[in-house]
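Taking it in order: structure first as structure tokens, then the write-up.
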Amino acid sequence: MLGGHDLGAAGALLTREFFARPALDVAHRLLGCVLEHQTADGLVAVMLTEVEAYEGSADPASHAYRGRTARNAVMFGPPGHAYVYFTYGMHFCVNLVCLPEGTASAVLLRAGRVVEGAALAAARRAASRNGSVAGGAPRTVADRELARGPARLCQALGIDRALDGADVCDPASPLRVRSARSARGGPATPPISRGPRVGVNSGAQRPWRFWLTGDPTVSPYRPHVPRVRPKPVWAPDRSDGTMQQ
DNA sequence: CAGCTGATTTCCT
DNA sequence: GGAAATCAGCTGG
């Protein structure tokens, strides 16, 4: 939707105060809010449908559990900034920092519904697949799959480490968050479900994942499963008893 | 749909 | 050196 005039229901930017509270509090309030990223290619916006709260020093599943590092430094900074990290050698995930400077809680943005820039989002998602499709029909990405999962959400929005530390409360920032549209004939508070966080080991019993009940863009739940030994084999005996690696 | 596996690199013990 | 806040492709039921 292009903003012609009087989008009365268009959400205002979330304030610093909104984020200056515990992550558990911020998490469920973020559901229904809109994350948007403006780039030279255009604007992509998603309505958040799934989030997870991470406490800092008190939460063994948090990246900040063992203190400040180069990677997680932004989490210890002021609220309302994006903490973007790189994982599994290929994926980015984005969090929004909570609580005052000095503490390190944050909310992981796990999924959303694309509400603007769907064509650009789909192009980014498809491009990450194969770059160019030779001869065959390009695989299309279903609308509901565009931002279904934390790494997919970052792909659809074009988020990477360059946005680590971005202030999402600043109107001049390329990455911003708008409040949920107030009820205009709709329910003021949609039904929210909660359950254990995805893919975490320590602290898996804490039900700190929140999502919009029944929303098709919410990612499927996967419990944490440690991978088995990757290389049980070694080079045949060469009589010197040495092994590679 | 459930389940398994490879990809790929950064960070920390 | 190993695990990681993941995803896509493939197999089999």
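A note on names: the letters A, B, ... follow the listed sequences, proteins ahead of strands, and every chain is numbered from 1.
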Can you check the [X] [atom1] to [N] [atom2] distance for me, whole Å?
X	N	atom1	atom2	answer
A:Phe92	C:dT6	CZ	P	15 Å
A:Phe86	C:dC7	CZ	P	13 Å
A:Ile159	C:dT6	CD1	P	16 Å
A:Glu50	C:dT6	CD	P	10 Å
A:Leu146	C:dC7	CG	P	13 Å
A:Leu109	C:dT6	CG	P	13 Å
A:Tyr85	B:dC12	OH	C1'	16 Å
A:Asn72	B:dC11	CG	C1'	10 Å

Among [options], which nucleotide has an atom closest to any side-chain atom of [X]?
X	options	value
A:Arg152	C:dT6, B:dC11, C:dC7	C:dC7
A:Met75	C:dC7, C:dA5, B:dT9	C:dA5
A:Arg66	B:dC11, C:dA5, B:dC12	B:dC12

Could you tell me whether the side chain of [Y] reaches within less than 4.5 Å of the side chain of [X], counting heavy atoms only?
X	Y	value
A:Asp25	A:His28	yes
A:Pro78	A:Val97	no
A:His37	A:Val44	no
A:Trp211	A:Val51	no

(message) Taking the basic N atoms (NZ, or NE/NH1/NH2) and the acidic carboxylate oxygens, is any pair closer than 4.0 Å for A:Asp215 and A:Arg113?
(response)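 A:Arg113 and A:Asp215: salt-bridged.
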
(message) Under 4.0 Å between a side-chain nitrogen and a carboxylate oxygen: does that hold for A:Arg176 and A:Asp167?
(response)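 Salt bridge absent between A:Arg176 and A:Asp167.
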
When all nucleic acid strands are considered with a 4.0 Å heavy-atom cut-off, which category describes [X]: base, sugar-phosphate, or nothing?
X	result
A:Arg197	nothing
A:Ala151	sugar-phosphate
A:His63	base
A:Arg125	sugar-phosphate

(message) Whether A:Thr87 contacts B:dC11 is assessed here as follows: a side-chain N or O lying under 4.0 Å from the phosphate OP1 or OP2. Is that the case?
(response)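 No, A:Thr87 has no side-chain N/O under 4.0 Å of OP1/OP2 on B:dC11.
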
(request) Return the 5'-most residue of the pair A:Val200, A:Gln155 with respect to DNA chain C, ranking by each residue's nearest nucleotide. (result)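 Taking each residue's closest nucleotide, the earlier one in sequence belongs to A:Val200.
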
(request) Map A:Asn201 and A:Leu153 onto DNA chain C by nearest heavy atom, then report which one ends up closer to the 5' terminus. (result)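 Residue closer to the 5' terminus by nearest nucleotide: A:Asn201.
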
(message) Would you call the rings of A:His63 and A:Tyr83 parallel, tilted or perpendicular, taking 30° and 60° as the class edges?
(response) perpendicular

(message) Parallel, tilted or perpendicular, judged at 30° and 60°: which one describes the rings of A:Phe86 and A:Phe92?
(response) tilted

(request) Residues of residues 29-37 of chain A with any non-hydrogen atom less than 4.0 angstrom from an atom of DNA chain C: list those, numerically ordered, please. (result)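 DNA chain C contact set from residues 29-37 of chain A: none.
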
(request) Kindly indicate whether a cation-pi arrangement holds for A:Arg197 with A:Tyr54, taking the cut-offs as under 6.0 Å to the six-membered ring centre and within 45° of the axis. (result) yes

(request) Test side-chain contact (heavy atoms from CB on, under 4.5 Å) on A:Val218 and A:Arg209 and set out the steps. (result) CA-CA 11 Å; A:Val218 172; A:Arg209 173 183 182 232; 3.7 Å; yes

(request) Please answer: with hydrophobic residues joined when any side-chain heavy atoms are less than 4.5 Å apart, are A:Leu109 and A:Val198 in the same cluster? (result) no

(request) May I ask you to check whether A:Glu50 and A:Ser219 show a side-chain donor-acceptor distance below 3.5 Å? (result) yes

(message) Please give me the minimum heavy-atom distance between A:Leu153 and A:Arg110, naming the atom from each residue.
(response) CD1-C, 4.4 Å

Protein N or O to nucleotides 3-7 of chain B N or O, pairs below 3.5 Å:
| from | atom 1 | to | atom 2 | distance (Å) |
| --- | --- | --- | --- | --- |
| B:dG6 | N7 | A:Arg227 | NH2 | 2.8 |
| B:dG6 | O6 | A:Arg227 | NH1 | 3.2 |

(request) Sort by first number and list every stem of DNA chain B: at least 3 consecutive Watson-Crick or G-U wobble pairs, both distances under 3.5 Å. (result) B:1-7 with C:6-12, B:9-12 with C:1-4

